[in-house]
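Working notes, structure below.
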Amino acid sequence: QVQLVESGGGLVQAGGSLRLSCAASGRTFSSDTMGWFRQPPGKERQFVAAIPPLSGRTYYTDSVKGRFTISRDNAKNTLYLQMSSLEPEDTAVYYCAARRSHLVGTTPDLYDDWGQGTQVTVSS
């Protein structure tokens, strides 16, 4: 099992930026595909972005392409999500997740371990 702890959420005005971090411990971080998901109020958890174990190609949901960037530092066991040009529709609890596979998945059921989430609120 891997333990995941998100940080970096907060309140920001529309058009602003935030960087989320996810610190991992336990299982070998560099072997896992990592993902970011979010859950807006009253909605189901949604895929945001994912990155395979050795970086390379990254994957995004259409609504964040060109605004968000996922990255990882395997030496620091840390996953990042740089968010720019934030919109009120980005308001949600953001979760990082680990999948024990080199294959990227875009649905929550494919991920094995989850962080506790960090709140991101974008005001208009």
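Side chains included, hydrogens not; waters and symmetry mates left out as well; all remaining heavy atoms used. Residue numbers count from 1 along this sequence.
Side-chain N or O atoms of Thr58 include none that pairs as donor or acceptor with a backbone N or O of Ile51 at under 3.5 Å. Panel note: side chain Glu6, backbone Gly117; a donor-acceptor pair is recorded below 3.5 Å. Judged purely by atom type and a 3.5 angstrom limit, Arg72 has no side-chain atom pairing as donor or acceptor with the backbone of Leu54.
The closest side-chain donor-acceptor pair between Thr91 and Glu89, if any, does not fall under 3.5 angstrom.
Taken from CE in Met34 to CG in Asn77, the straight-line distance is 9.5 Å, to the nearest 0.5 Å. Atoms OG and CZ, on Ser31 and Arg99 in that order, are 14.0 Å from each other to the nearest 0.5 Å. Distance check: Gln46 CD to Ser63 OG gives 7.0 Å after rounding to the nearest 0.5 Å. Taking CZ of Arg19 as the reference point, atom CE of Met83 lies at 11.5 Å (rounded to 0.5 Å). A distance of 11.0 Å separates CG in Leu81 from OG1 in Thr118, rounded to the nearest 0.5 Å. Note that CG of Asp32 is 9.0 Å distant from OG of Ser101, once rounded to the nearest 0.5 Å.
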Quick one: do Thr33 and Leu103 satisfy side chain to side chain contact (heavy atoms under 4.5 Å, CB included)? Show the steps, please. CA-CA 7 Å; Thr33 286; Leu103 299 176; 5.7 Å; no
Given the rule in the side-chain hydrogen bond (donor to acceptor under 3.5 Å, both in side chains) test, do Thr121 and Gln119 qualify, once you have shown the distances and angles that lead to the verdict? CA-CA 6 Å; Thr121 302; Gln119 177 70 47; 3.3 Å; yes
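Summarising the geometry of Val2 relative to Ala24, their closest heavy-atom pair is CG2-CB, 4.0 Å, with the distance given to 0.1 Å. Listed here is the closest heavy atom pair of Pro53 and Ser30: CB-O, 3.1 Å. Residues Ser85 and Ser17 approach most closely at N-OG, 4.4 Å, considering heavy atoms.
Between Arg100 and Asp113 a salt bridge is recorded (basic side-chain N to carboxylate O distance below 4.0 Å).
Linking ILVMFWY residues whenever their side-chain heavy atoms come closer than 4.5 Å, directly or via other members, places Leu110 and Val104 in the same cluster. Cluster annotation: Leu79 and Phe68 are assigned to the same hydrophobic cluster (Ile/Leu/Val/Met/Phe/Trp/Tyr, side-chain heavy-atom contacts under 4.5 Å, transitive). Hydrophobic clustering of Ile, Leu, Val, Met, Phe, Trp and Tyr side chains at less than 4.5 Å, counting indirect connections, keeps Val93 apart from Leu20. The hydrophobic clustering, which links ILVMFWY residues whose side-chain heavy atoms are closer than 4.5 Å, places Trp114 and Leu4 apart.
Between Trp36 and the options Ile70, Thr61, Val64, a side chain to side chain contact (heavy atoms under 4.5 Å, CB included) holds for only Ile70.
In this view, Arg38 and Asp90 satisfy the salt bridge (charged side-chain N to carboxylate O under 4.0 Å, His left out) rule, not counting sequence neighbours.
No side-chain heavy atom of Tyr60 sits less than 4.5 Å from a side-chain heavy atom of Phe47.
Within the structure, ring pair (Phe, Tyr, Trp, His ring centres under 6.0 Å) pairs that include any residue of residues 79-111 comprise Phe37-Tyr111 (at least two apart or interchain).
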